[in-house]
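Worksheet for the structure shown next.
Lettering follows sequence order; numbering is per chain, from 1.
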Number of protein chains: 2
Amino acid sequence: MRVSEAFQVLAEPARRQILDLLRERPRLVGELTEQLGLPQPSTSKHLKALREAGLVRVGRDGTRRWYRLCPEPLLAIDQWLAPYRRMWESSFAALERHLDSMPDDDDPPAKERT
Amino acid sequence: MRVSEAFQVLAEPARRQILDLLRERPRLVGELTEQLGLPQPSTSKHLKALREAGLVRVGRDGTRRWYRLCPEPLLAIDQWLAPYRRMWESSFAALERHLDSMPDDDDPPAKERT
DNA sequence: CAAATATATTCTCTTGCAAGCATATAGTCA
DNA sequence: TGACTATATGCTTGCAAGAGAATATATTTG
């Protein structure tokens, strides 16, 4: 699915940082490299992943490449999120209180046998 | 970061499917296993990932475990998404048109040297 | 063409899962 | 206690992906 790919790509902090920078304005690879403090090849590889996920597009200008944001895949995520958003926007709190009456059990340590 | 973990966990389709099922109501592991068509151990492992990401909680009832949705981490993602949402909600289209005047260059094949 | 610059790709190494199977744990009931 | 059910964990294997270094490609300039 397309959404899976977007989630996967966004799981990397450096890539979200790139998107944050591109939100402001289009940027050159060198510029991004400097801002991220990464070696240039790493930046290029992250940009490739973002490109393949449709999150950025690139335009040439001689030997330079301007990367710009392409938010459509984010719209897909936003739409996946929509029904959940309704949960915390509406009667979620009441449901939560009801269910909290059950005992929680996050990760009980193993007990020895009697 | 907490957001990275959420993205990572949501990248797996089966896990999103689990959340979709839990959105309706709390469920037992066996129930989820049946719906997903996965072997039970796989379901348990996905549930563990979801637990550790804070996306679900579990309550005991004898030998059964009720899993329920816990949407807070989704709220974090929603908030990360917010500034981007503004882009497609406002003047995004105009900006897009402007930038599209630049030539695109998605993956040009390598050429031989003269 | 050669050199310099900007960016991409390749390679190796290592790590992180996920699938699949076997088995452990815990609770219930006879 | 022993069988039975519900769920979790461990182990192995294969694969996808990230870090880092080296190098390739393409463009501009002299």
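Within residues 35-42 of chain B, the residues approaching DNA chain D are B/Q40, B/P41, by heavy-atom distance under 4.0 Å.
Residue B/R60 places at least one side-chain N or O under 4.0 Å from the OP1 or OP2 atom of C/dG27. At the phosphate of C/dA8, OP1 or OP2 sits under 4.0 Å from a side-chain N or O atom of A/Y67.
The existence of a salt bridge linking A/D20 and A/R23 is confirmed by a sub-4.0 Å separation between a basic side-chain nitrogen and an acidic carboxylate oxygen. Salt bridge present: B/R25 and B/E31 bring a charged side-chain N and a carboxylate O closer than 4.0 Å.
Nucleotides of DNA chain D nearest to A/D61 and B/T43 differ in position, and the one nearer the 5' end is that of B/T43.
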Pairwise N/O distances under 3.5 Å, protein to nucleotides 11-18 of chain C:
| unit_1 | atom_1 | unit_2 | atom_2 | d |
| --- | --- | --- | --- | --- |
| C/dA18 | OP1 | B/E12 | OE1 | 3.3 |
| C/dA18 | OP1 | B/R15 | NH2 | 2.9 |
| C/dA18 | OP2 | B/R15 | NH1 | 3.3 |

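Per the geometry, CG belonging to A/L10 stands 16 Å off C1' belonging to D/dG18, to the nearest Å. Between B/R65 atom CZ and C/dG27 atom P the separation is 8 Å, expressed in whole Å. For the pair A/I18 CD1 and C/dT7 C1', the interatomic distance rounds to 13 Å; values are reported in whole Å. Protein atom CZ of B/R64 is 10 Å distant from nucleotide atom P of C/dC29, rounded to whole Å. Atom C1' of nucleotide D/dT7 and atom CG of B/L28 are separated by 10 Å, given to the nearest angstrom.
Panel note: side chain A/R16, backbone A/L10; a donor-acceptor pair is recorded below 3.5 Å. Counting only distance, with no hydrogens or angles, the side chain of B/T33 and the backbone of B/V29 share a donor-acceptor pair below 3.5 Å.
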Worked check of salt bridge (charged side-chain N to carboxylate O under 4.0 Å, His left out) between B/R86 and B/E89: CA-CA 5 Å; B/R86 266 179 238 117; B/E89 275 174 356; over 6 Å; no
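The side chain of A/T63 lies closest to C/dA6 when the candidates are C/dA6, D/dA8, C/dA8.
Partners of A/E24 by side-chain hydrogen bond (donor to acceptor under 3.5 Å, both in side chains), not counting sequence neighbours, listed by chain and number: A/R27. B/Y84 is linked by a ring pair (Phe, Tyr, Trp, His ring centres under 6.0 Å) to B/W80, counting only residues two or more places apart in sequence or in another chain. The salt bridge (charged side-chain N to carboxylate O under 4.0 Å, His left out) test applied to A/R85 returns A/D78, B/D78, not counting sequence neighbours.
For the salt bridge (Lys or Arg N to Asp or Glu O under 4.0 Å) condition, no pair includes a residue of residues 32-43 of chain A, sequence neighbours left out.
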